[in-house]
There are 2 protein chains.
Amino acid sequence: MADVARRAGVSAMTVSRALKGTGTVTPETQARILQAVAELGYVLDKSAGALSSKKTGFVSVLIPSLNNSTFSDTVHGLIDVLDTQAMQVLIGTTGYSRAREEAVIETMLQRRPEGIVVTGGRHTPRARAMLTAAGVPVIETWEQPAAPIDHVVGFSNAATVEDLMARLVDRGYRRIAFIEGGEGDDPRGEDRRAGYERAVARHRLERTCVIAVGRVPISMEDGARAVVQLVETWPEVEAVICVSDGPAFGAIMECHRRGWAVPGRLAIAGFGDFELARQCWPSITTVSVGSRDLGRQAGSLMLEAIAARYAGAPLSPRRVTVAHTLVERDSTARRASPPTWAGRVA
Amino acid sequence: MADVARRAGVSAMTVSRALKGTGTVTPETQARILQAVAELGYVLDKSAGALSSKKTGFVSVLIPSLNNSTFSDTVHGLIDVLDTQAMQVLIGTTGYSRAREEAVIETMLQRRPEGIVVTGGRHTPRARAMLTAAGVPVIETWEQPAAPIDHVVGFSNAATVEDLMARLVDRGYRRIAFIEGGEGDDPRGEDRRAGYERAVARHRLERTCVIAVGRVPISMEDGARAVVQLVETWPEVEAVICVSDGPAFGAIMECHRRGWAVPGRLAIAGFGDFELARQCWPSITTVSVGSRDLGRQAGSLMLEAIAARYAGAPLSPRRVTVAHTLVERDSTARRASPPTWAGRVA
DNA sequence: CTGTTAGCGCTTTCAT
DNA sequence: ATGAAAGCGCTAACAG
C-alpha cells in the first residue's frame, strides 16, 4: 500500500480511502491511485484491515452437510444476501454431530466472525456458551427452539408433519407409517416423527408404525430398504411419510421394482420439496419450506443485526417463522395408478 | 492474550507457543496457561496471527454452484483433507460464469489464501493473470487444460463420453443422441459433447443428433423436455446420452409418464454417478469420476504444494489424472423392459 | 524453555 | 480533502 501511495504521490491513508470508495477523495487523486494500483498489481489485504478495524467481514454458517440440497440452498440464499455487503461466508460442516458442531464453533470463533448462523436449536452446553459469549448476533435456523440463544429463522418441523398427516387423513388414509433414520443425531427428524405421533393420537389412528433404518441422514437406498421392511411388518399400512424426499424417492423406486403401485398399493410422501420430488414418477407429495428463502431471510436479519450492533443498539432477539407449504402430488393421490400428465408441475 | 499471560505469570510469547502446541513449553506452564485461557474464556485471534506470520490458513475453492452434488462432493473431499491441517476452506461460487469467476477471484485474493482451487481450465485473461500473479499454488480441477496455470487434478470430459459411446456401440446401439444445455457457458458440457461427436465419427455412425435445452446447468425438467423433443425430431434414435445424471433422470421419468419403455424404446445414459442414478428405476448407466476423491486428491496435492513453497522448493506443475469408470446399468441394457432386481446395486 | 523487541498492513483518530 | 501518529493482536527472530 505504501508503494501505491508513493507512486500516486499521496499517503497510504488516502489510498485506503480511495480503495474503500467512501467518496472523500478528489476524483483526480482517486484516478491516480487506481492507476497506480493497476500498474503495480496491488491487492488490498483484508486480514490487515480486519485487525485494524475490528471488522473481519466474515459470517460463519454451520450446516450438517454440503451434500444436501436443502442446506446448500439455505447457504446459497445467505450468500445471495451477504454478498451485497461484501461479507464472506465461512462454511463449516458438522456432520450431524453436536460434538463436531462444538469443535467447529471453536475454530470459527478464532476467525472473529461478525455473525454466526447455525442449523438447529440444540447444542452442547459448551457450544451454547461459546455462541453466547461470542458477542455477535447468532441465528438459529431450521427449527423453533424453546429457548433460543439469540435470533431464530425457522419453523416447527413437528407442525409441518402434523399438517401433512391431517391432509392424508383427510384423503382417507388411516393406517399411516413413518420412515426415519436409525442411528445418529437428527433433531429435526425427531421433531418430524413427534409431529407424526401427535397426529396419530389426535386423529385417533389405530397405531404408530415407525421404521428406523440406516444412519442419518438416511439415503435413498435406506428408503428402499425401509419400504420393504414396512410392507413385511405391517402389510395393512396404506401410506407412509418419509423423513425426507431422498428416502421417499428410494422407496418409490423400490415399489416400482417390486410392482407395488404408488399410490395404489402404498401412498408415499416426503419432506423438503427437492427437485426430484417434482420430477419423479409419480411426483412426490411433500412439504416445502423454501430453503433458499430461509437463507435469504437469515441473511437479511443478520445484516440488520450486525448494523444494529455497530450502531450501539443491538437488536433484541427476533423470531422469524418461515412459512411451509404442503405440496400435494401424485404419490398420495387416491387413485389406483399414477397419472400421465396431471399434476406433473405442481 | 496479554491478560492470559499475566494471569499465568508468563509472557505473551509463551502463551502463543502453548496455544500452538509446538511442545516447547514446560508441561506445568502449559497447564497453567490453559487454565488461564479457560478461566478468561480467551479465544485466539487468527486474523492477527495471520498478519504476523503471513499464513492465513485459508485455501480458496471456486465452484460453479453449491447446489450440485458433484461439486459439493469435491468440496467435501477437499475439506476432509485440509481440515487435518487446520486449513479453512473459503468457498466461492461462480454461477457458471467466467465473468463472475473473475470477480470472485479478485475478492478471494484480498483474503490472501495460501492456495487456490478452481473448477475448470478456462478463465478470462484477467482471471488467469490474477491466479498466476497470486504467487500461491493453483489447482485446476474437473478438466484437463492444454495450458494449465499450475497444477491440475482432472480428467478428460471428452474421453469419458467417448468411452461411454464405445460401450453403447458395443451393445449394438447405432443411432445415438446427446442432450445438453442450451444457453450459458459450460466448458465441461461442451467437452462431453465433443467426445460424443468424435465417437460418432470414429464409429461411422450415421449422424450426430444434439438436443440443446434450457440454461446450464440443465435441470431434471430440462431433461424431460429434451427427451420429448428428441423423440419428435428423430424418432429413429435408440439411445441418448445426457450431459449429466440430472437431466437423464428427468428424461427417464418423462418416458415413464408417456409409456416409453427405458431401455426398450430408448436407452438413456447420464454422467456423474449421482446417488439417484443407482437408485432410479431403471438404474442409470453413467460415468463415475469419484468427485469426492477428486477433492481429496486436490487437497493432498495442495498441502504438498503449500509445504513445498514454504520449504523454498516450489513444486513444479503437476498433472494428476483421476480415473473414471463406466457404470453400466439397466437404463441401457439390451432388453425390452427394466429388470426387477438384477443390477440394482451396480 | 522463556522473554524481548520489532513489525506484519492496514485503519482509527485527530489534526491540518 | 489529506496526512501523521498510533496501534489492532499476534508471531518471527533472536537473545538468554
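In what follows, chains carry the letters A, B, and so on, assigned in the order in which the sequence lines appear, proteins first and then strands, with residues in each chain numbered from 1.
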Sugar-phosphate, base or nothing in reach of B:T24, heavy atoms under 4.0 Å: base
Length of the CG-C1' vector between B:D45 and D:dG7, whole Å: 14 Å
hbond_proxy A:S52 side chain to D:dG7 base (donor-acceptor, 3.5 Å cutoff): yes
For atom CG of A:D3 and atom P of C:dC10, their distance in whole Å: 10 Å
Contacts of B:Q110 that satisfy side chain to side chain contact (heavy atoms under 4.5 Å, CB included) - sequence neighbours left out: A:V43, A:L44, A:K46
Any A:Y42 side-chain nitrogen or oxygen under 4.0 Å from OP1 or OP2 of C:dC10: yes
Rounded distance (Å) that lies between atom C1' of D:dT2 and atom CD of A:Q30: 13 Å
5' priority, DNA chain C, between A:M13 and B:P27 [closest heavy atom]: B:P27
B:R112 (side chain) and C:dG9 (base): donor-acceptor pair under 3.5 Å: no
Short side-chain N/O contact from A:T29 to OP1 or OP2 of D:dT2, under 4.0 Å: yes
Separation of atom CG in A:L44 from atom C1' in C:dG9, rounded to whole Å: 9 Å
5' priority, DNA chain C, between B:K54 and B:V25 [closest heavy atom]: B:V25
Rounded interatomic separation in angstrom, taking CD1 from B:I33 and P from C:dC1: 13 Å
Pair A:E101-A:T124, side-chain donor/acceptor within less than 3.5 Å: no
Residues A:R6 and A:D3 bridged, charged N to O under 4.0 Å: yes
With sequence neighbours excluded, residues passing side chain to side chain contact (heavy atoms under 4.5 Å, CB included) with B:T84: B:L303
A:K46 side chain near C:dG9 phosphate (N/O to OP1/OP2, under 4.0 Å): no
Under 3.5 Å side-chain donor-acceptor pair for A:T74 and A:W142: yes
Touch class at under 4.0 angstrom, heavy-atom based, for B:S47 against every strand present: nothing
Side-chain donor-acceptor contact under 3.5 Å, A:S11 with A:T14: yes
Any A:T26 side-chain N or O less than 4.0 Å from OP1/OP2 of D:dA1: no
Nucleotide of D:dA12, C:dT11, D:dT2 approaching B:S53 most closely (side-chain heavy atoms): D:dA12
Under-4.0 Å side-chain N/O to phosphate OP1/OP2 contact, B:S16 with D:dC10: no
For atom CD of A:E28 and atom C1' of D:dT2, their distance in whole Å: 14 Å
Touch class at under 4.0 angstrom, heavy-atom based, for B:S11 against every strand present: base
Nearest-Å distance for atom pair NZ/P, residues B:K20 and C:dT2: 16 Å
Distance, rounded to the nearest Å, where A:R17 contributes CZ and D:dT2 contributes C1': 6 Å
